[in-house]
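These figures come from a predicted structure and were not determined experimentally.
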Amino acid sequence: QVQLEESGGGVVQAGGSLRLSCAAPRNIFEGYAMGWFRQAPGKEREFVACIDWNGGRTRYADSVKVRFTISRDNAKNTVSLQMTGLKVEDTAVYYCAASELANVEVSALPYIHWGQGTQVTVSS
């Protein structure tokens, strides 16, 4: 079973920052887009950010644009999400996902490998 391992979640005050990281097996990371999604209690999972296979293109949800930055390290098979200016409404479980496509995609459909999720809680 493919495992994506997220880390970096936690509790932070509004306005603070967190950095999430995700390690993936090379065979599903190399050459494929990676994404971050989140799911808040009582809400559907939603797209947060994605990055293409070589880091050349990124996409963000409007709600996190400017505040969040996605990046990848192809030498270490990791993808990160730097979150700044966190808001209470950013509270959710954040999931790392690996796509079966090389290019960016905001829909969850192409993402065929998922991590277990990491909790991010932003307090007021």
Side-chain angles (χ1 to χ4, degrees):
Q1 185 175 352
V2 173
Q3 288 187 328
L4 301 178
E5 297 185 20
E6 301 106 335
S7 61
V11 180
V12 64
Q13 285 192 329
S17 301
L18 279 176
R19 184 178 181 87
L20 305 183
S21 292
C22 172
R26 181 175 181 179
N27 65 310
I28 69 165
F29 184 88
E30 189 174 71
Y32 298 103
M34 298 293 293
W36 287 94
F37 292 76
R38 68 186 182 186
Q39 187 166 19
K43 295 188 177 181
E44 293 188 352
R45 182 178 58 192
E46 64 175 0
F47 166 77
V48 176
C50 63
I51 188 167
D52 72 355
W53 69 279
N54 70 345
R57 301 188 73 177
T58 58
R59 291 288 186 270
Y60 296 92
D62 287 343
S63 59
V64 307
K65 231 173 248 185
V66 177
R67 299 187 296 121
F68 290 11
T69 303
I70 188 171
S71 60
R72 66 188 292 158
D73 185 335
N74 285 349
K76 296 181 180 179
N77 299 330
T78 59
V79 61
S80 298
L81 185 69
Q82 179 67 48
M83 305 185 293
T84 62
L86 283 162
K87 303 176 180 180
V88 172
E89 52 263 42
D90 293 319
T91 295
V93 177
Y94 284 71
Y95 297 92
C96 170
S99 174
E100 60 179 347
L101 304 175
N103 296 320
V104 291
E105 177 57 62
V106 302
S107 164
L109 287 176
Y111 295 90
I112 57 175
H113 304 291
W114 293 80
Q116 301 277 10
T118 185
Q119 177 70 47
V120 171
T121 302
V122 184
S123 61
S124 58

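Taking CZ of Arg38 as the start and CZ of Arg45 as the end, the distance is 13.5 Å to the nearest 0.5 Å. Taken from NE2 in His113 to CD in Gln3, the straight-line distance is 12.5 Å, to the nearest 0.5 Å. With rounding to the nearest 0.5 angstrom, the NZ atom of Lys76 is 15.0 Å from the CZ atom of Arg26.
Around the CZ atom of Arg57, the shell of radius 6.0 Å holds no more than 12 heavy atoms that belong to other residues, nucleotides or ligands. More than 12 heavy-atom neighbours from other residues, nucleotides or ligands sit within 6.0 angstrom of CD on Glu89.
Minimum heavy-atom separation, Asn54 to Arg72: C-CD, 4.4 Å. Closest approach of Leu4 and Cys96 over heavy atoms only: CD1-O, 3.6 Å. Summarising the geometry of Gly85 relative to Ser17, their closest heavy-atom pair is N-OG, 4.4 Å, with the distance given to 0.1 Å.
Looking at Glu6, its side chain does come within 3.5 Å of a backbone N or O of Gln116 through a donor-acceptor pair. In this structure a side-chain-to-backbone donor-acceptor pair under 3.5 Å is present from Thr118 to Gly9. With Thr84 contributing its side chain and Arg67 its backbone, the two residues share a donor-acceptor pair below 3.5 Å.
The side-chain heavy atoms of Ser80 and Arg19, taken from C-beta on, include a pair separated by under 4.5 Å.
The ring pair (Phe, Tyr, Trp, His ring centres under 6.0 Å) search around Phe37 returns Phe47, Tyr111, Trp114, not counting sequence neighbours.
Hydrophobic cluster membership for Val79: Val12, Leu18, Leu20, Phe29, Met34, Trp36, Val48, Ile51, Tyr60, Val64, Phe68, Ile70, Leu81, Met83, Leu86, Tyr94, Val120, Val122 (Ile, Leu, Val, Met, Phe, Trp, Tyr linked by side-chain heavy atoms under 4.5 Å, directly or transitively).
Here Lys87 does not pair with Asp90 in a salt bridge; the nearest charged N to carboxylate O distance is not below 4.0 Å.
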Stepwise, does the side chain to side chain contact (heavy atoms under 4.5 Å, CB included) test hold for Val88 with Ser124? CA-CA 6 Å; Val88 172; Ser124 58; 3.8 Å; yes
